[in-house]
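Only a predicted model underlies this, so the values are computations on that prediction, with no experimental measurement involved. Side chains are part of it too, since the values below use all heavy atoms of this structure and drop only hydrogens, waters and symmetry mates.
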Protein chains: 2
Amino acid sequence: MNNRLVSAEAPDDRLPRYQQVRDDLVRRIAGGEWAPEQAIPTEAALAQTYAVSVGTVRKAIDQLVADGIVTRSQGRGTFVRRPRFDTSMFRFFRFKSRSGEPVLPVGRVLRRELAAPDETARAALRLAPRDKAIHLSRVRLVDGQTVIAEEIWLPREGFEPLAKLALPDFGDLLYPLYERLCGQVVATASETLTVGQADADIAALLRIAPASPIIVVHRTAFDFAGKPLEWRFSRGAAAAFQYEVEIR
Amino acid sequence: MNNRLVSAEAPDDRLPRYQQVRDDLVRRIAGGEWAPEQAIPTEAALAQTYAVSVGTVRKAIDQLVADGIVTRSQGRGTFVRRPRFDTSMFRFFRFKSRSGEPVLPVGRVLRRELAAPDETARAALRLAPRDKAIHLSRVRLVDGQTVIAEEIWLPREGFEPLAKLALPDFGDLLYPLYERLCGQVVATASETLTVGQADADIAALLRIAPASPIIVVHRTAFDFAGKPLEWRFSRGAAAAFQYEVEIR
DNA sequence: AAGTGGTCTAGACCACTAT
DNA sequence: TAGTGGTCTAGACCACTTG
């Protein structure tokens, strides 16, 4: 999974040149050589650096664009993309405020602990068998009403600053926080949707009838190099769920 | 929706050449000039036909590949892709036979009528206000047990042969039937997922408890030119539902 | 061996952005 | 005006498939 985002440590001579260039650019972006929103070198400069033609560099960058890693802007340059999927629950849920407009739910961390993750989370984060991890219990609110309940697991390594941060300071969006405080950039994520039934706790939290259907979203978030940074599962009322797909 | 698949009737001179070539190829494929699984002309031949360089043709074909309209095969040629999404419910549901392997459900048409579609179906098929349409009630079975119930609407125009076909002759897969009997090729589709509750009828059909959660999939299927060919909605037990997405 | 798509080059000119 | 990405060309050679 996410193989195309994993850069080869040893650039493979058997691969086409544009693939090697692409892989090296991914490696450099993952290594923080250019921060999100920053411009990478011009196509001409890269062509010289890698000793290939501009056309080959263009093909490499075409792939980075397709992968969502960079964006091009004619006349300005090519920029490392800052992914923003703290709003991505909107893919699945349609939340409206009382006044009717779509709205970004407020985030609130209720609890934080250092604990041993269950096997699913441990495997997703590729942790050693008895490693502990940071666990956050978080809710998302619209008009003060809980619409999503989330359980979030983070490896200790790389996320130490979060272990001390005051809970109210977590704010509404976590991924910008990861980047600002921990230097960890979420580049891609993989999600699995299933339908479950609300137990008593979740039903009370979401103010729905016990046993009514809920959507459960499991997400693993990765950095540019394909390393798992976060595992979470989110639960919301199925009544608010709607999802559209294009098939071809 | 599906704008990128709709070919301009008048090729726009302001567009890049590779876009014009792409649009014309879509138009010709939609017009049936090359059937699914057939090869389109070679890149060199197309370059001559359109009086552009091979590189420009390649860029046009790159887009058709990205759109899922053709596939390339090195050394063999470029072929019109035959979309196969009668299996696409597997995107959403995981059905296993009694023996445990994943299995393609059997299809059975229970009922057929010529009737006025409801407003949703009418709008999806872009029919005139009082047009009638072909309505099929269909179930999908695994080991003799109904796992999905489907209501399908088709425009009369283009699907006349289906109005007379004996119900058992519909077979398991409808889209190959549309192509064989009616010359209609489904190229893309757009689906919307929601969660509902089983009413008494559906609960009995699916053998689940009344009011238990069901997944409702609304689908509009389009031909290569972006014309809607079919509108359907499918209902299955939410317990069998699972869906994975990659985000970037 | 002939023909196909896949890679790569070295340039030209255009469209857009910044200054 | 200078510099960026966007389009386009005309070729070369490679890798793969088919007869």
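When the P atom of dT4(D) is taken as reference, atom CD of Q48(A) falls 12 Å away, rounded to whole Å. Across the protein-nucleic acid pair, K59(B) atom NZ and dT7(C) atom P stand 16 Å apart, rounded to whole Å.
Considering only residues two or more places apart in sequence or on other chains, Y243(B) meets the ring-ring contact (aromatic ring centres under 6.0 Å, His included) condition with Y243(A), F92(B). For the ring-ring contact (aromatic ring centres under 6.0 Å, His included) test, residues two or more places apart in sequence or in another chain that qualify with F233(A) are H218(A), W231(A). Remark: S73(B) pairs with R76(B) by the side chain to side chain donor-acceptor pair (under 3.5 Å) rule, at least two apart or across chains. For D62(B), the salt bridge (Lys or Arg N to Asp or Glu O under 4.0 Å) partners are R72(B), not counting sequence neighbours. Annotation: side-chain contact (heavy atoms from CB on, under 4.5 Å) contacts of V54(A) (sequence neighbours excluded): E43(A), A47(A), R58(A). Evaluation of the ring-ring contact (aromatic ring centres under 6.0 Å, His included) rule for Y178(A) yields F159(A), Y175(A) as partners, not counting sequence neighbours. Taking the side-chain contact (heavy atoms from CB on, under 4.5 Å) definition, one finds that E179(B) meets it with P36(B), R82(B), V185(B), sequence neighbours left out. Applying the side-chain contact (heavy atoms from CB on, under 4.5 Å) test to R122(B) and every residue at least two apart in sequence or in another chain returns P117(B), E119(B), L127(B), P129(B). Listed by chain and number, the residues in a salt bridge (Lys or Arg N to Asp or Glu O under 4.0 Å) with E157(A) amount to none (sequence neighbours excluded).
Put simply, R72(A) has a side-chain N or O that comes within less than 4.0 Å of OP1 or OP2 on dG6(D).
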Subject >> Protein proximity profile, nucleotides 8-19 of chain D - base contact B, sugar-phosphate-only contact S, no contact -, cut-off 4.0 Å on heavy atoms >> reply: SB-----BBSS-

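Residue E150(B) is tested with R108(B), R138(B), R219(B) for a salt bridge (charged side-chain N to carboxylate O under 4.0 Å, His left out); the sole match is R138(B).
Bending across the helix from dA1(C)-dT18(D) to dA18(C)-dT1(D), expressed as the angle between its end axes from five pairs apiece, amounts to 10° (10° rounding).
Interface residues of residues 35-47 of chain B facing DNA chain D, ordered by number: none; criterion, heavy-atom separation under 4.0 Å.
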